[in-house]
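These notes concern the structure reproduced below.
Here is how names work: the chains are called A, B, and so on, in the same order as the sequence lines, proteins then strands, and each is numbered from 1.
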Amino acid sequence: TFVWNTMIRGSQKNQDPIKTLILFYRMRAENIQPDNFTYPFVVRACADLQDLCRGKWVHGQLMKTCLETDIYVATNLIELYVSCGDVRVAQRVFDEMPVRDTISWTAIMSGYVNQYDSDMKMAQQIFDEMPIRDVVAWNTMIAGYVKIGNMEVARTLFDRSPTKDLLTYNTLLGGYAKYCETEVVLRFFEAMPERDVVSWNSVIGGFVQNKRVNEAMSFFHRMQIENVKPNMVTLVGVLSACAQVGALDTGRWIHWYIEKNKVSLN
RNA sequence: UAGGUUCCUA
């Protein structure tokens, strides 16, 4: 079983959910018992494939073997149902867990945040109920209020969060970029203690949204001066800026840039 | 050996 688990782990690292499932079926065919270390990968593979039917079947297998209450397995089941749009079943899995940790609390909370029509009342209720709130839990709530466009509450939570990491800042920055004037975005951006490529992408995205193509380009240059490597999201943003104003020459330059720097594609 | 949060193309 250990050897199989190691192979399955490799297939997930390679982002190959089909291979994960094949290994899982071969394992069963050879009468090797999958254990609580095997199933999180299998459930995750179903989620990646958006294969709810297979996920339900795997869930059934789990109930037979009484592994469904394992904290890692159950949290992955929550994510599976959430990603397939069924928060109700996710909630049921959560309710039936005998032991929960901060990650499982955050997973179900994030389910309400990320469902099609974000239910921030439920999310807030869970947030208030959970015994321990770490930085990820705070970030998830901030992201939720950003998502529904409530920047006031998002900002309040940001100010109240006891510890902040780069994602905390990026989450609020992304909200400003989406809903607020460029000046607000820039002021927040400059005040951030650290910035990564996502921070830059948000700001550039904000410029693009406001059709301020020159500023988008100047930030594109500035990020390189500050040794932050553009990724695909950066380039898509900048290219769409070029397309908007028909800046064919700049577009060509970026095309050239992509080939020159071999930006990892996806 | 495994699980939760940020940037995404008309």
Side-chain angles (χ1 to χ4, degrees), chain A residues 1-13 20 34-45 47 67 70-80 82-83 90 93-94 97 100-114 123 126-127 130 132-147 154 157-158 161 164-178 185 189 192 194-209 219 223 228 230-244 251 254 265-266:
Chain A
T1 302
F2 177 82
V3 176
W4 284 88
N5 285 349
T6 307
M7 291 197 295
I8 285 183
R9 172 168 165 262
S11 72
Q12 191 211 242
K13 263 185 125 175
T20 304
D35 62 11
N36 53 324
F37 290 101
T38 317
Y39 276 107
F41 294 108
V42 178
V43 174
R44 166 61 74 105
L67 288 172
D70 176 88
I71 195 159
Y72 283 89
V73 173
T75 305
N76 272 286
L77 282 171
I78 291 173
E79 289 194 79
L80 166 73
V82 164
S83 77
V93 173
F94 178 82
M97 291 175 76
R100 303 165 184 138
D101 63 8
T102 306
I103 297 188
S104 31
W105 280 93
T106 309
I108 187 62
M109 192 177 83
S110 150
Y112 286 102
V113 168
N114 290 321
I126 293 168
F127 184 71
M130 58 194 290
I132 296 175
R133 288 173 281 270
D134 65 6
V135 64
V136 178
W138 283 91
N139 290 350
T140 305
M141 286 303 286
I142 295 169
Y145 283 108
V146 165
K147 194 180 168 210
L157 281 178
F158 175 88
S161 60
K164 301 170 183 37
D165 61 11
L166 185 51
L167 287 201
T168 321
Y169 285 92
N170 280 345
T171 303
L172 198 67
L173 177 70
Y176 285 142
K178 206 176 209 114
V185 181
F189 178 79
M192 284 170 60
E194 292 292 334
R195 306 171 191 99
D196 67 357
V197 63
V198 174
S199 330
W200 287 91
N201 289 349
S202 293
V203 172
I204 291 173
F207 282 133
V208 172
Q209 191 175 297
F219 264 69
M223 75 187 282
V228 180
N231 62 13
M232 272 317 279
V233 177
T234 321
L235 297 168
V236 165
V238 177
L239 272 177
S240 95
C242 295
Q244 277 182 32
I254 291 168
L265 306 166
N266 238 342

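- In this structure, A:N5 reaches the bases: a heavy-atom distance under 4.0 Å links it to at least one base atom across the strands shown.
- A:V113 and A:G144 get closest at one heavy-atom pair: CG1-CA, 3.5 Å.
- Set against B:U5, B:G4, B:A2, the side chain of A:N139 has B:U5 as its closest nucleotide.
- In this structure, the separation between CG on A:L166 and OG1 on A:T171 is 9.0 Å, given to the nearest 0.5 Å.
- Ring stacking holds between A:Y72 and B:A2, with the centres under 5.5 Å apart and the planes within 30 degrees of each other.
- Of the candidates B:U1, B:U6, B:G3, the closest approach to any side-chain atom of A:N170 belongs to B:U6.
- Each of B:U1, B:G3, B:U6 was ranked by its minimum atom distance to the side chain of A:D101; first place goes to B:G3.
- When distances are taken from the side chain of A:T140 to each of B:G3, B:U5, B:C7, the shortest belongs to B:U5.
- Considering all non-hydrogen atoms of both residues, A:M223 and A:P230 come closest at CE-CA, 3.9 Å.
- A close approach under 4.0 Å does occur between a side-chain nitrogen or oxygen of A:S240 and OP1 or OP2 of B:A10.
- Put simply, CD1 on A:I142 is 15 Å from P on B:U5, counting in whole angstrom units.
- A straight line from CZ of A:F94 to P of B:G4 spans 16 Å, rounded to a whole angstrom.
- The listed nucleotides are B:U6, B:G4, B:G3; the one nearest the side chain of A:A143 is B:U6.
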Listing, residues 200-209 of chain A side-chain donor-acceptor contacts under 3.5 Å, not counting sequence neighbours, or none:
residue	atom	partner	partner atom	Å
A:N201	OD1	A:T234	OG1	2.6
A:N201	ND2	A:V197	O	3.4
A:N201	ND2	A:N231	OD1	3.3
A:S202	OG	A:V198	O	3.2
A:Q209	NE2	A:K178	O	2.8

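- Atom CD1 in A:I108 sits roughly 13 Å away from atom P in B:U5 (whole-Å rounding).
- Residue contacts shown for A:D196 are absent, as no nucleic acid heavy atom lies under 4.0 Å away.
- Among residues two or more places apart in sequence or in another chain, the ring pair (Phe, Tyr, Trp, His ring centres under 6.0 Å) test is passed with A:Y39 by A:F24.
- When distances run from any side-chain atom of A:S202 to the nucleotides B:C7, B:A2, B:G4, the shortest one goes to B:C7.
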Query - Watson-Crick and G-U pairing of RNA chain B written in dot-bracket, each distance under 3.5 angstrom, with | for inter-strand partners - result: ..........

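- The closest side-chain heavy-atom distance from A:E194 to A:D165 is not below 4.5 Å.
- Across all strands shown, A:T106 has heavy atoms under 4.0 Å from base atoms, whether or not it also approaches the sugar-phosphate.
- As judged by a 4.0 angstrom heavy-atom cut-off over every strand, A:S104 is placed among the base-contacting residues.
- Using a 4.0 Å heavy-atom criterion, one finds that A:S199 contacts no nucleic acid atom at all.
- Using a 4.0 Å heavy-atom criterion, one finds that A:Q12 contacts no nucleic acid atom at all.
- Residue contacts shown for A:I71 include a base, since a base heavy atom lies under 4.0 Å away.
- In summary, of the residues considered (A:W138, A:Y145, A:W105), a ring pair (Phe, Tyr, Trp, His ring centres under 6.0 Å) with A:F127 occurs for A:W138 alone.
- Distance A:D35 CG to B:U1 C1': 9 Å, rounded to the nearest Å.
- Comparing B:G4, B:G3, B:C7 by their nearest atom to the side chain of A:V136 picks out B:G4.
- Which of B:U9, B:U6, B:A2 sits closest to the side chain of A:R9 comes down to B:A2.
- Comparing B:U5, B:A2, B:G4 by their nearest atom to the side chain of A:R44 picks out B:G4.
- The aromatic ring centres of A:F189 and A:Y169 sit 6.0 Å or more apart.
- A:F41 comes within contact range of the sugar-phosphate backbone alone, with a heavy-atom separation under 4.0 Å but no base atom that close.
- Closest to the side chain of A:N201, out of B:G4, B:C7, B:U9, is B:C7.
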